[in-house]
Structures are given as C-alpha cells and as structure tokens.
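Read the structure below first, then the notes.
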Amino acid sequence: VDLVSGRLRQGGSTITQQVAKTLFLSNARTIRRKVQELLLTMWLERHFSKKEILEIWLNRVYLGSGAWGVDAGAHLYFGISARKLNLWQSAVLAGLPRAPSRFNPRTDPKAAAARGREVLAAMVANGDISAAQSAEAARQIGFSPRLSGGGWFADWAAAQAQAATPAPILKLQIILATFFKNVSSR
C-alpha cells in the first residue's frame, strides 16, 4: 500500500512474499490479501530457513509455457537439467519470472536475450560477476531453432489452474512437507 497515494501499488516482493503469494493466495490486489501475505510471510520465515524458502521458490516459480520451477524451465528451454545451465542460460531463466510470456525464449527470443543481458548487467552491478564474464555470456546467448509450442495458451492454462487450486490444499502440502522433514531429521 502506498501511504502517500492511498492506493495499492505493484512493487518488488521478497522471495518469501512471492512464496506466500504463490502457494497460498490469489493475485487479487486488495488490502486483505496484502495483510494475509504479510502474515504468511512471517509464518514462513519462522518455520523455514532462507535456504529452504529459496528452494521452494526455485521449485515453484512460473517460467512460462507451462514450466513450473527452474529445472522444468531448463529442460523446456534448453533441453538440459538446471544443474548443467551455464551463465547465460541461468540469466535468461532468472529474467523470466518478471513476465514469463513477454520474455519467453520460444515466442520472442530477442526479448528473452535482451532480458538475459539485463540480468547479467545486474549481476555485474551487484559484484556477482565481472564485466568480462557478463560480456562473454551475453555474446553466447542464442536459442535453438527447434524451440516451439506452449506459449500464451500454456500461460493462460497455468494461471487458470493456479486460481482454481484451493489454498487449503497448498497449505496442507507445506505443513506435510514440514512434518516429514522434521520426522526424517530425528
């Protein structure tokens, strides 16, 4: 909520907030949903480590064309496991959550490449990679001509399925995962 304008504004969310929203809430832009998101975020941070929250996000993030999770995205867009991604492929995937349909390598390879270069530049600005590494990775960006399919319909269907999934089922999944993790660590 933007207190100056008194309106809900779209802004950056933490990974934990994104997990809370993805697993438990709708995309409704209401004060009620934001309060629920805040409470769920606090609950997640009390029950899961940052590493576990990141793992949940990496396995549940939507990357377009029906791909949920980084490994599914790696297989779909590059035909390999996420463990085998190189720097430019990782940058392209990292750029997808902002707008999976718009930056989809299958439907708009130029937009996907441009977004990948933005991610590489941000990595340089953060000190994660050097300018030389960024430039080399940017030069390597290219997509196989065999890529096709999925596209807007898969994105639409995924959104419909997520909206139709009752939140209690997803909540139960998290609770059970926590329970079994605790049992196995004893």
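In what follows, residues are counted from 1 in the order of the sequence shown.
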Interatomic distance, [X] atom [atom1] to [Y] atom [atom2] [nearest 0.5 angstrom]:
X    : Y    : atom1 : atom2 : answer
I15  : T41  : CD1   : OG1   : 11.5 Å
Q36  : F24  : CD    : CZ    : 11.5 Å
R102 : D108 : CZ    : CG    : 10.0 Å
K21  : L40  : NZ    : CG    : 13.0 Å
E37  : I31  : CD    : CD1   : 13.5 Å
I53  : Q18  : CD1   : CD    : 12.0 Å

Shortest non-hydrogen contact from [X] toward [Y]:
X    : Y    : result
A121 : S134 : N-OG, 4.2 Å
A113 : I141 : CB-CG2, 3.5 Å
V61  : P97  : CG2-CG, 3.6 Å
S130 : V124 : O-CG2, 3.6 Å
A74  : L85  : CB-CD2, 3.8 Å
A82  : D71  : N-OD1, 2.7 Å

Validation row: M123, L87 side chains within 4.5 angstrom (heavy atoms):
yes
Just wondering, do T107 and S65 contact through their side chains at under 4.5 Å, heavy atoms?
no
Donor-acceptor pair, [X] side chain versus [Y] backbone, under 3.5 Å?
X    : Y    : value
S81  : R83  : yes
Y77  : L63  : yes
Q140 : A137 : no
N126 : D128 : no
S90  : N86  : yes
R115 : G95  : yes

One pair to check against side chain to side chain contact (heavy atoms under 4.5 Å, CB included): I56 and L23. What are the steps and the verdict?
CA-CA 10 Å; I56 292 167; L23 293 181; 3.9 Å; yes
Assess whether atom CD of E136 is packed by more than 12 heavy atoms of other residues, nucleotides or ligands within 6.0 Å.
yes
Step-by-step side chain to side chain contact (heavy atoms under 4.5 Å, CB included) determination, L38 to K34:
CA-CA 6 Å; L38 173 66; K34 288 304 277 183; over 6 Å; no
Start with the C-alpha gap between L39 and V35, add the side-chain angles, then the distance that decides, and say whether side chain to side chain contact (heavy atoms under 4.5 Å, CB included) holds.
CA-CA 6 Å; L39 295 172; V35 170; 4.2 Å; yes
Give every residue pair that meets the salt bridge (charged side-chain N to carboxylate O under 4.0 Å, His left out) criterion with at least one member in residues 38-51, sequence neighbours excluded.
E45-K50
Give the intermediate values and the outcome of side chain to side chain contact (heavy atoms under 4.5 Å, CB included) for residues V70 and N59.
CA-CA 6 Å; V70 173; N59 287 318; over 6 Å; no
Residues that A94 engages under side chain to side chain contact (heavy atoms under 4.5 Å, CB included), provided they are two or more places apart
V119
Listed once per pair and sorted, the ring pair (Phe, Tyr, Trp, His ring centres under 6.0 Å) pairs that draw on residues 84-112, sequence neighbours left out:
F78-W88, W88-F143
